[in-house]
Amino acid sequence: MGKNQQYQETISRAYDGLSLFEGASPVIGISGNFRDSDCTLAKGYYQSIVQAGGTPVIIPPFADAQLIASLLERVDGILLSGGADIDPDFLGQEKHPTVSVNPERDLPEMLLIRLACDRQIPILGICRGIQMLAAALGGKLYQDIVSQHDKPLVGHDQSLPRYETSHTVNIEPDSLLARLYGKRQMQVNSFHHQAVMEAPAGFRVTATAPDGIIEAMESTTFRSIIGVQWHPECMILNDDRSMMLIFDWFVNECRSYSQARSIHRRVLTLDSHCDTPMLFDEGAHFQVRKDGEPLVSLHKMREGYLDASFMVAYLKQMERDADSLKAATAKADRILDLIEERIGECKGYASVARTPEDLYRLKKLGQKAIVLGIENGYAIGSDISNVERFRNRGVAYMTLCHNGDNDICDSAKGMNEHGGLSEFGRQVVLEMNRVGMMVDMSHAGEKSFYDAVEVSQVPVICSHSSARALCNHPRNLTDDQMKLLARTGGVAQVCMYDGFIKETPGANIHDAVRHIMHMIDVMGIDHVGIGTDMDGGGGLLGLEDASTLVNLTRLLIAQGLSFQDIEKIWGGNFIRVWTDIMKRAGN
């Protein structure tokens with residue numbers, strides 16, 4: 001068969017297969033090496049990605065953060081390849097005589113790693129790649145293990161062919177590597193003299209050589225990040241698939257990330273409760289990128305693909321004399337003013353939304369939407385006319401109480417002063433119905449909840465409440481409460497507060513998913529959503545801030561939920577109720 005005929009048959013097969021595979025392969029950016037003024041890449045890296053079902057692209061070394069951020073919108077994973085030594089200057093260390101640096105790569109790859117981590121993008125680091133992960137994220141390196149390590153070394157810089165193994169590594173039993181390969185020891189191939197001395201925060205060492213040199217580390221924060229010191233990509237060059245499991249895992253993680261990000265781009269994602277304005281009151285800004293920024297910031301919303309957030313004016317329950325009530329109303333107004341001021345600083349990037357239609361309009365414009373809420377009906381004092389006044393300035397819901405009884409109702413952590421809703425509280429609920437303000441029963445006592453559902457002429461919501469069956473806290477909803485909420489058309493938004501997710505400290509993203517799935521089982525898919533309570537104590541391991549929310553979607557996909565299911569959870573259900581309440585009020 002001639003080359004022309006081979007070419008024609010290959011093209012024909014390729015076109016026949018496009019309908020089956022188009023769009024299914026995640027795009028993996030591989031950091032290119034740089035030597036002799038050329039950007040290069042060893043064959044094993046891209047061949048291993050192809051064999052695992054990924055689409056490889058080479059990332060040349062460039063240190064423009066804006067361009068790197070743009071690039072990261074187009075790739076689903078990052079493979080950090082091997083190569084020359086890392087410049088000790090980046091680590092604040094003196095240069096060792098054996099170090100041969102590549103100044104073209106270090107800064108670009110450090111930026112690439114930091115920006116990819118911010119976006120939860122899966123990362124696999126190989127040889128230099130594991131060292132770059134450590135260097136970029138705060139770990140420590142040996143510059144030269146031969147002279148700096150205090151034990152005799154095995155052959156880390158082997159003279160054998162690259163596809164042959166030279167020594168063993170010991171694998172931690174509960175690690176990703178142990179799950180992938182089913183071994184406590186495995187043979188590896190190594191070519192290095194720099195090495196990770198200390199893993200950065202958020203990582204654990206998962207494999208070591210017999211001499212104690214770190215051979216692998218992985219993320220402990222539920223990110224899909226792993227680094228290995230050896231060269232698994234070389235094995236495929238000898239038709240040896242023994243190391244392919246790590247590439248299969250990596251490409252699958254990239255595929256999962258790609259699917260989740262695609263969903264976030266297509267649906268409107270909404271978090272129904274955050275307390276970020278408390279930080280505004282302390283001088284924080286929404287758009288400033290620095291240490292200590294709010295958990296829900298413009299940057300983190302963009303990185304986690306969160307479109308909209310309800311920001312509340314939170315009021316601690318204090319005294320209820322006339323002067324204190326007036327002061328509470330004034331404080332609520334001041335915080336609402338501050339929210340509008342902070343979001344106004346982000347012109348063109350974020351805006352205050354006052355209707356469900358605003359949410360979709362702003363998403364189409366590429367802007368983040370902030371919706372106003374009030375947490376604690378203490379804000380209206382004893383003047384029911386404040387309900388309409390707050391609604392007219394854009395407040396979409398009011399949480400009737402917080403941690404303590406007020407003039408409206410009893411709190412879940414109160415003294416059962418009224419035995420549920422007070423007479424004033426009943427009037428407040430009906431007035432909220434009239435003006436189109438959602439009645440939020442998070443924080444309320446059980447009797448207050450049942451009274452509000454009975455009195456309200458429209459569905460009520462729970463903007464940030466989890467399942468008491470999984471965490472026995474009075475703030476959480478019983479199954480009976482949730483069933484009534486569903487029967488009456490309301491929604492419950494799962495709260496990501498550690499103490500409401502798990503009775504012992506250390507709740508994580510998987511625990512949050514268990515609450516979501518339980519609430520779906522009890523209420524049905526049309527009545528469950530997400531209200532993180534971030535910046536008010538909310539945030540879990542794996543859900544540390546708004547940038548991590550795309551990972552929650554990855555786990556919901558893994559639960560078998562459909563695109564339509566996830567669209568409902570990520571705001572569709574909540575927006576349906578909000579729209580219905582406004583229509584009934586004639587808004």
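Numbers here are sequence positions counted from 1. Here the structure is a predicted model, which means the values were calculated and not measured.
Considering all non-hydrogen atoms of both residues, Gly77 and Cys254 come closest at CA-SG, 3.5 Å. When all heavy atoms of Phe280 and Arg342 are compared, the pair lying nearest together is O-NH2, 3.5 Å. The shortest heavy-atom contact between Ile501 and Cys495 is CD1-O, 3.1 Å. Taking all atoms of both residues into account, the shortest heavy-atom contact from Ala116 to Ile123 is CB-CD1, 4.0 Å. Nearest heavy-atom pair, Arg119 versus Val550, reported as atom, atom and distance to 0.1 Å: O-CG1, 4.4 Å.
Thr55 and Ser25 form a side-chain donor-acceptor contact under 3.5 Å, judged by distance and modelled atom types alone. For the 3.5 Å distance criterion, the side chains of Ser448 and Asp451 fail to qualify, holding no donor opposite an acceptor. Counting only N and O atoms by type, the side chains of Gln457 and Asn433 include no donor and acceptor under 3.5 Å apart. Checked by atom type, the side-chain pair Ser297/Glu293 shows a donor-acceptor distance below 3.5 Å. For the 3.5 Å distance criterion, the side chains of Ser442 and His273 fail to qualify, holding no donor opposite an acceptor. When only modelled atom types and interatomic distance are considered, Arg468 and His473 share no side-chain donor-acceptor pair under 3.5 Å. If you check the side chains of Ser547 and Asp545, you find a donor sitting under 3.5 Å from an acceptor. Looking at Glu375 and His464, their side chains do bring a donor and an acceptor atom within 3.5 Å of each other. A donor-acceptor pair shorter than 3.5 Å cannot be found between the side chains of Asn376 and His443. Arg179 and Ser175 are not linked by any side-chain donor-acceptor pair at a separation below 3.5 angstrom, with hydrogens and angles left out of the test.
Using modelled atom types, no side-chain atom of Asp248 and backbone atom of Ala52 make a donor-acceptor pair closer than 3.5 Å. With hydrogens and angles disregarded, no donor-acceptor distance shorter than 3.5 Å links the side chain of Ser465 to the backbone of Cys462. A side-chain donor-acceptor contact under 3.5 Å links Asp76 to the backbone of Val27. Between the side chain of Ser351 and the backbone N or O of Ala369 there is no donor-acceptor pair closer than 3.5 Å. Checked by atom type and distance alone, the side chain of Tyr181 pairs as donor or acceptor with a backbone atom of Ile246 at under 3.5 Å. At distances below 3.5 Å, at least one donor-acceptor pair connects side-chain atoms of Asp511 with backbone N or O atoms of Asn508. Side-chain N or O atoms of Thr488 include one that pairs as donor or acceptor with a backbone N or O of Leu484 at under 3.5 Å. Listed for the Arg475 side chain is no donor-acceptor partner under 3.5 Å among the backbone atoms of Asn403.
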Apply side chain to side chain contact (heavy atoms under 4.5 Å, CB included) to residues Tyr397 and Val439 and explain how you reach the verdict. CA-CA 6 Å; Tyr397 73 65; Val439 176; over 6 Å; no
Evaluate the side chain to side chain contact (heavy atoms under 4.5 Å, CB included) criterion for residues Cys471 and Glu503: first the C-alpha distance (whole Å), next the side-chain angles of each, then the deciding distance (0.1 Å), finally the verdict. CA-CA 6 Å; Cys471 179; Glu503 292 172 25; 3.8 Å; yes
Please assess His515 against Phe500 for the test ring pair (Phe, Tyr, Trp, His ring centres under 6.0 Å), listing each intermediate value before the final yes or no. CA-CA 10 Å; His515 277 258; Phe500 306 153; 9.8 Å; no
Go through the steps for Ile339 and Leu372 under the test side chain to side chain contact (heavy atoms under 4.5 Å, CB included), then give the verdict. CA-CA 8 Å; Ile339 297 171; Leu372 303 179; 3.6 Å; yes
Set out, in order, the CA-CA distance, both residues' side-chain angles and the distance that settles ring pair (Phe, Tyr, Trp, His ring centres under 6.0 Å) for Trp578 and Phe310, then state yes or no. CA-CA 12 Å; Trp578 185 17; Phe310 274 70; 5.5 Å; yes
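A heavy-atom distance below 4.5 Å is not found between the side chains of Thr269 and Tyr305.
Rounding to the nearest 0.5 Å places CG of Leu561 at 8.5 Å from CD1 of Ile516. In this structure, NZ in Lys368 is found 8.0 Å from CG in Leu298, a value given to the nearest 0.5 Å.
Between Glu454 and Lys447 there is no salt bridge, since no side-chain N of the basic residue sits under 4.0 Å from a carboxylate O of the acidic one.
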